[in-house]
Amino acid sequence: MEKLVADQKSAILYRMVLPDHVCPFGVRAKEMLEAAGFEVDDRILSSREEVDAFKAEHGVDTTPQVFIDDKRIGGSDDLQRYLAA
């Protein structure tokens with residue numbers, strides 16, 4: 001019987017994937033999280049309307065946005081600083 005790891009790190013990633021554009025910062029954030037051992041709940045914003053609504057709801061100007069332990073870490077640069085700490 002496989003033992004479940006109680007301290008599995010998980011993150012929620014909101015990133016933009018539009019028909020004509022995949023945000024490179026969202027791809028970078030996902031890669032950084034996976035490399036750091038996080039289970040990623042990858043939430044795709046697939047229209048300009050979804051992106052704008054997300055930004056308005058969370059009071060942010062950009063995507064991607066990463067959340068770890070119900071705390072907003074920020075975008076890919078913020079995530080890089082968080083993981084380096």
4.5 Å side-chain heavy-atom contact, [X] and [Y]:
{"X": "Pro24", "Y": "Arg28", "result": "no"}
{"X": "Leu79", "Y": "Leu83", "result": "yes"}
{"X": "Val22", "Y": "Val27", "result": "yes"}

Show, in sequence, the C-alpha distance, side-chain angles and deciding distance for Arg48 and Met16, and conclude whether the side chain to side chain contact (heavy atoms under 4.5 Å, CB included) test is met. CA-CA 9 Å; Arg48 177 54 59 192; Met16 179 171 53; 3.9 Å; yes

Between CG of Asp69 and OG of Ser10, what distance do you get to the nearest 0.5 Å?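 Asp69 CG to Ser10 OG: 7.0 Å, rounded to 0.5 Å.
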
How long is the gap from CD on Glu50 to CG on Leu18, to the nearest 0.5 Å?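 The CG atom of Leu18 is 9.0 Å from CD of Glu50, to the nearest 0.5 Å.
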
Is the number of heavy atoms from other residues, nucleotides or ligands within 6.0 Å of CZ (Phe67) greater than 12?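 Atom CZ in Phe67 is crowded, with more than 12 foreign heavy atoms closer than 6.0 Å.
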
Listed pairs under 3.5 Å, donor-acceptor, residues 53-66 side chains, sequence neighbours left out:
from, atom 1, to, atom 2, distance (Å)
Gln65, OE1, Arg72, NH1, 2.8
Gln65, NE2, Thr62, O, 3.0

Between the main-chain N or O of Gly75 and the side-chain N or O of Asp78, is there a donor-acceptor pair closer than 3.5 Å?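 Confirmed, Asp78 side chain pairs with Gly75 backbone.
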
Determine all donor-acceptor pairs shorter than 3.5 Å in which one atom belongs to a side chain in residues 29-41; sequence neighbours excluded.
from, atom 1, to, atom 2, distance (Å)
Asp41, OD1, Arg43, NE, 3.4
Asp41, OD2, Arg43, NE, 3.1
Asp41, OD2, Arg43, NH2, 2.8

Please collect all salt bridge (Lys or Arg N to Asp or Glu O under 4.0 Å) contacts where either partner lies in residues 11-22, sequence neighbours excluded, each pair once.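 Only Arg15-Asp42 qualify under salt bridge (Lys or Arg N to Asp or Glu O under 4.0 Å).
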
Shared ILVMFWY cluster between Leu13 and Ile68, side chains joined below 4.5 angstrom?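 The answer is yes; both residues are in one hydrophobic cluster.
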
